[in-house]
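The structure appears below as structure tokens.
Proteins come first, then strands; the chains are lettered A, B, ... in the order of their sequence lines, and each starts at number 1.
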There are 2 protein chains.
Amino acid sequence: MLLRTSASSSRPVDGPLSALAAERVFCSEFRYRRGTEIFGEGEETEYVYQIVSGAVRTYKLLCDGRRQVNAFHLPGDMFGLENGAAHRFSAEAVVATTVRIAKRRSLVEAMQGQRAGSSRVLGLVTQNLQHAENHMLLLGRKTALERVAAFLLEMDRRLGHPDVIVLPMSRRDIADYLGLTLETVSRACSKLRDQKMLKLEGPTQRQVVLLDRKGLAEYDT
Amino acid sequence: MLLRTSASSSRPVDGPLSALAAERVFCSEFRYRRGTEIFGEGEETEYVYQIVSGAVRTYKLLCDGRRQVNAFHLPGDMFGLENGAAHRFSAEAVVATTVRIAKRRSLVEAMQGQRAGSSRVLGLVTQNLQHAENHMLLLGRKTALERVAAFLLEMDRRLGHPDVIVLPMSRRDIADYLGLTLETVSRACSKLRDQKMLKLEGPTQRQVVLLDRKGLAEYDT
DNA sequence: CGTCGCGTTGACAAGGTTCAAATTTGGTGG
DNA sequence: CCACCAAATTTGAACCTTGTCAACGCGACG
């Protein structure tokens, strides 16, 4: 798995929780096979998760099956921490995934123990909010090409600007993240390839080499 | 966003912040004329605001002028509280608006004084996040009619289910909130009117009477 | 009384979706 | 080892929802 758990600047997570991990709040590891549900919308928020390896999507569904992926979570990221008693969305493993699990209660208690604890939680929620605000701009106002360019740059950044971006998610996942159809995502990728902004490799074209990050960034704005 | 500080559904005034207001953290009132900027994206977060009367929009812009309205803020709502030192979006008065202003520093200090203070901030940020998550679903996956129906039901709820919803914002504002054009919003309103789900009144059709909330809710899902 | 802002409506264009077909690959079982 | 099938992706063509452009009406206001 080429997903790097970049520790450096581009990846602002692992920070807030490493202390907790060290305290053994994250008591056990757990593995999920590709495509399996980790929790469902509306379920009780019993656990909090941190990804060791793999990738997770969190999403909401409309009653007729339309899906909106809120976010992709990569190694080092935490997810599933919510204020209320119920999850506001569902989570599934995009690929085979290993997570560390903490009881929500014990995490909350540990937070109260630490003085800086609650502000760390606040920081995490704020980060999520910030991402959501940017994503609303993307979903509400950007073209298909701009969305795909922004997505690739986001992954590039979060994976620490590797030579080859190995996407764990399918075109459909990307489409549901970007508010498009999988065909439109595929066409946008092809267009960017034709414009020599990237190369697509690998059996399912999930390995992406960015050839012109500046050009892509101009689509982003 | 939609910082609803209301505890009970029908009276959106003074929730988590009333204690602070009582402590005179909100030291002064300020008035903005319709259309004026309250703060701009990137500016220093010097103040925090609570609306006394009127309405405010917060939004982001792309470089070519495309606009995405994050949220509308109504009387009782708080806005402008951010973790970092810089505002992540701009805020403008939709109509003539009176706000109470608190220095961010003094608010933060007051929070640290109160034990429950920081968890109140967390609650506000979480509410914003929750709204943003729902809005991503709307922007990414709902049709124009569904978006407009959802918008009207949101306003109805936040205004306490009045007989007549008096919208403070223009069709363009609504469009930029819903990721549509003003013409599409207008057409959707006309269609709902033709379907007898609502009545449009007033000189600029900004007074809305919901005739069939159940029917609208089915568009919402 | 003319102008301006706002909203509605129509005609047309276009970006994105839908439907369909072809390709590739990996897995499974004979 | 190989045949066969399922899943993922790409690409094309037709279609449709929404955007664009324009005209018009209405009320407010100077």
Whole-Å distance, B:L200 CG to C:dC6 P, equals 18 Å

Can you tell me which nucleotide in C:dG7, C:dG5, C:dT9 comes closest to the side chain of B:R193? C:dT9

Under the rule for side chain to side chain donor-acceptor pair (under 3.5 Å), what residues qualify as partners of B:R141, not counting sequence neighbours? A:D176

Is the B:H131 ring parallel, tilted or perpendicular to the B:H135 ring (thresholds 30°, 60°)? parallel

Can you measure A:R147 atom CZ to C:dG16 atom P for me and round it to whole angstrom units? 7 Å

Describe the nucleic acid contact of B:L180 in one word from base, sugar-phosphate, nothing, applying a heavy-atom distance below 4.0 Å. sugar-phosphate

Nearest-Å distance, CZ (A:R66) to C1' (C:dT18)? 15 Å

To the nearest angstrom, how far is B:K191 atom NZ from C:dT8 atom C1'? 16 Å

Of all the nucleotides listed (D:dT10, C:dT25, C:dG5), which has the minimum atom distance to the side chain of A:P203? C:dT25

Side chain A:R187 and base C:dT18 donor-acceptor under 3.5 Å: yes

Protein-nucleotide distance (A:M169, atom CE; D:dT9, atom C1'), rounded to Å: 16 Å

Is B:T181 close enough to D:dT20 that one of its side-chain N or O atoms is under 4.0 Å from OP1 or OP2 there? no

A:E183 (side chain) and C:dC19 (base): donor-acceptor pair under 3.5 Å: yes

Does a side-chain N or O from A:R172 land closer than 4.0 Å to OP1 or OP2 of D:dT10, or not? no

Just checking B:Y49 against B:F39, ring centres under 6.0 Å apart? yes

At under 4.0 Å between heavy atoms, what does B:G179 touch on the DNA or RNA strands: base, sugar-phosphate, or nothing? sugar-phosphate

Electrostatic pair B:D212-B:K214, nearest N-O below 4.0 angstrom: no

For a 4.5 angstrom cut-off between non-hydrogen side-chain atoms, does B:R206 reach B:S170? yes

Short side-chain N/O contact from A:R206 to OP1 or OP2 of D:dT9, under 4.0 Å: yes

CZ of B:R141 versus P of C:dG16: gap in Å, rounded? 13 Å

Residue whose closest nucleotide on DNA chain C lies nearer the 5' end, B:R34 versus B:S190: B:R34

Rounded distance (Å) that lies between atom C1' of D:dA8 and atom CG of A:D173: 11 Å

Selection from D:dT9, D:dT18, C:dC6 that lies nearest to any side-chain heavy atom of A:R171: D:dT9

Out of D:dA8, D:dT10, D:dG19, which has the shortest distance to the side chain of A:S186? D:dT10

Rounded to whole angstrom units, what separation is found between the CG atom of B:L145 and the P atom of D:dC16? 18 Å

Taking OP1 and OP2 of C:dC6, is either one under 4.0 Å from a side-chain nitrogen or oxygen of B:T204? no

Could you label the plane-to-plane angle of the A:Y177 and A:F151 rings as parallel, tilted or perpendicular, counting under 30° as parallel and over 60° as perpendicular? perpendicular

Angle, rounded to 10°, between the helical axes spanning five pairs at each terminus of the helix from C:dC1-D:dG30 to C:dG30-D:dC1? 30°

Measuring from atom CG of B:L153 to atom CD1 of B:I165, what distance do you get when rounded to the nearest 0.5 angstrom? 8.0 Å

Tell me, please, which residues at least two apart from A:E183 pass salt bridge (Lys or Arg N to Asp or Glu O under 4.0 Å). none

